[in-house]
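Report on one structure; see the data block that follows.
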Amino acid sequence: MLRFIIRRLLFGILVLWLVTTTVFGLLHISPTPVEKMIAGPRASAATVALIRHNLGLDKPFLVQYWNFLKNTFTGDLGYSYVTQAKVSSIIADRLPATLWLVGGAAVLWFVGGVTTGVLSATRARSFLDRASTVFVLIGLSVPPFLMALLTLLLFFTKFGDWGIHWFQPGQYTSPLDDPQQFLQRMVLPWVALAFMLVATYTRLTRGSMMDVLGEDYIRTARAKGLSERRVIYRHGLRAALTPVITQFGVDLGALIGSTIVTEKVFGLQGIGQLVYNSIVKGDTPVILGVTLLTALFVVVANLIVDIGYSFLDPRVRVD
């Protein structure tokens with residue numbers, strides 16, 4: 001197990017390096033140089049040159065790249081080109097909103113998707129199974145931005161017209177500061193973000209469960225006289241969750257930096273909206289910092305998933 005973890009950590013470091021290096025190179029071949037974006041279209045050549053010098057962009061590319069790697073290795077993500085604030089401080093200020101958004105939505109989509117998928121697999125071709133199929137088609141067809149707008153329209157606008165003002169979209173509030181306001185502002189984003197993924201996990205769980213229930217060891221368990229409930233949930237579900245957990249680890253890590261639409265619609269001011277604003281303004285250090293953070297979450301999530309395989313499915317062993 002220790003050798004496996006060390007190998008995966010080394011592989012994760014390689015992935016982080018490849019991702020950040022690729023993004024660093026792409027940002028530095030942008031058709032619109034960042035110094036011109038900061039200075040504005042009417043700035044003089046002298047002003048643009050001064051900004052370029054102050055940001056260190058007049059140095060050779062390899063020197064910039066080496067400084068970036070050295071600073072990142074020591075935990076220094078640099079300073080924002082726009083606000084001059086430390087990138088680590090900017091990310092730390094925005095990260096709680098996104099973590100709560102992704103974490104709460106993850107509970108909804110995982111529990112809802114797995115539960116619906118198991119029930120559909122154990123009641124194949126029943127009314128419940130056909131209804132879940134329709135739900136999956138709807139969930140996969142509705143774009144995230146449309147689902148967020150529909151959720152806002154129904155639960156905020158329409159409920160407000162009916163005198164129900166509990167749902168209040170707005171900037172993230174810590175649960176330690178105001179638990180009620182925290183829930184009022186997070187429930188709708190949770191539902192909107194989880195809706196499409198619930199459909200995905202329902203389909204994935206159903207397919208995996210159907211395959212597992214046809215395995216020889218499941219027939220053996222039934223032949224031994226075990227209850228159907230124990231066969232399904234003790235033996236079948238554990239093995240069926242393997243591909244589901246794999247997808248869950250990828251989604252959980254990747255969503256840290258890709259919740260732009262949901263945060264924008266509900267005004268949460270999290271990492272997703274920070275990425276959008278940084279791209280618009282050409283704030284390279286912030287973009288690189290968020291990219292590194294997202295890649296780190298993906299690597300850690302996949303490492304946890306790989307270790308968890310041996311506990312979910314006895315047939316899987318870590319070599």
Side-chain angles (χ1 to χ4, degrees), residues 101-155 158 187-255 258-259 261-262 301-302 305 308-309 311-316:
L101 171 61
V102 174
V107 173
L108 293 180
W109 86 58
F110 186 81
V111 174
V114 170
T115 301
T116 308
V118 171
L119 293 176
S120 297
T122 55
R123 294 166 174 81
R125 292 177 293 278
S126 65
F127 174 78
L128 176 63
D129 186 28
R130 298 181 190 280
S132 68
T133 301
V134 174
F135 168 73
V136 167
L137 291 175
I138 296 174
L140 295 177
S141 302
V142 178
F145 76 90
L146 181 58
M147 186 60 206
L149 291 174
L150 289 175
T151 305
L152 193 61
L153 176 64
L154 175 61
F155 291 98
K158 292 299 182 182
V187 169
L188 294 185
W190 284 341
V191 172
L193 185 61
F195 183 77
M196 181 183 68
L197 289 168
V198 165
T200 301
Y201 280 69
T202 297
R203 183 180 64 175
L204 185 60
T205 304
R206 182 187 184 278
S208 180
M209 196 71 182
M210 293 285 285
D211 292 339
V212 169
L213 291 178
E215 294 283 348
D216 291 338
Y217 73 92
I218 295 294
R219 288 192 287 269
T220 302
R222 284 171 172 160
K224 288 182 177 180
L226 297 180
S227 65
E228 187 66 13
R229 183 181 183 87
R230 184 171 184 179
V231 170
I232 292 174
Y233 294 101
R234 180 68 182 274
H235 298 281
L237 182 58
R238 287 180 60 183
L241 281 179
T242 301
V244 179
I245 292 295
T246 301
Q247 186 65 39
F248 183 72
V250 174
D251 289 338
L252 197 62
L255 277 176
S258 57
T259 56
V261 173
T262 306
N302 279 275
V305 165
Y309 278 167
F311 298 98
L312 285 173
D313 191 345
R315 297 171 299 175
V316 177

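Judged purely by atom type and a 3.5 angstrom limit, Thr205 has no side-chain atom pairing as donor or acceptor with the backbone of Thr202. Formation of a donor-acceptor pair under 3.5 Å by the Thr259 side chain with backbone atoms of Thr262 is not found in this model. Without hydrogens or angle criteria, Thr115 side chain to Gly112 main chain gives no donor-acceptor distance under 3.5 Å. Judged by distance alone, the side chain of Arg222 and the main-chain N or O of Glu228 form no donor-acceptor pair under 3.5 Å.
The shortest heavy-atom contact between Val244 and Leu204 is CA-CD2, 3.8 Å. Scanning both residues, Leu108 and Ala194, for their nearest heavy atoms gives CB-CB, 3.9 Å. When all heavy atoms of Val231 and Ala221 are compared, the closest pair comes out as CG2-CB, 4.1 Å. Shortest non-hydrogen contact noted between Leu101 and Pro189 is CD1-CB, 3.4 Å.
In this structure, Arg130 CZ and Ser132 OG are separated by 10.5 Å, a value rounded to the nearest 0.5 Å. A distance of 11.0 Å separates OG1 in Thr116 from CG in Asp129, rounded to the nearest 0.5 Å. Note that OG1 of Thr242 and CD of Gln247 are 13.5 Å apart. Values are rounded to the nearest 0.5 Å. The CZ atom of Arg203 sits 13.0 Å away from the OG atom of Ser120 when rounded to the nearest 0.5 Å.
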Full working for side chain to side chain contact (heavy atoms under 4.5 Å, CB included) between Ile232 and Met209: CA-CA 9 Å; Ile232 292 174; Met209 196 71 182; 3.4 Å; yes

Using side chain to side chain contact (heavy atoms under 4.5 Å, CB included), reason through Trp190 and Val107 one step at a time and then give a plain yes or no. CA-CA 9 Å; Trp190 284 341; Val107 173; over 6 Å; no

Quick one: do Val114 and Leu237 satisfy side chain to side chain contact (heavy atoms under 4.5 Å, CB included)? Show the steps, please. CA-CA 9 Å; Val114 170; Leu237 182 58; 4.3 Å; yes

Take Leu193 and Leu255, measure what side chain to side chain contact (heavy atoms under 4.5 Å, CB included) needs, and give me the verdict at the end. CA-CA 10 Å; Leu193 185 61; Leu255 277 176; 4.3 Å; yes

N/O donor to acceptor pairs below 3.5 angstrom from side-chain atoms of residues 135-151, sequence neighbours left out:
residue: Ser141; atom: OG; partner: Leu137; partner atom: O; Å: 2.6
residue: Thr151; atom: OG1; partner: Met147; partner atom: O; Å: 2.7

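A perpendicular orientation is assigned to the rings of Phe248 and Tyr201, their planes being inclined by more than 60° (bins at 30° and 60°).
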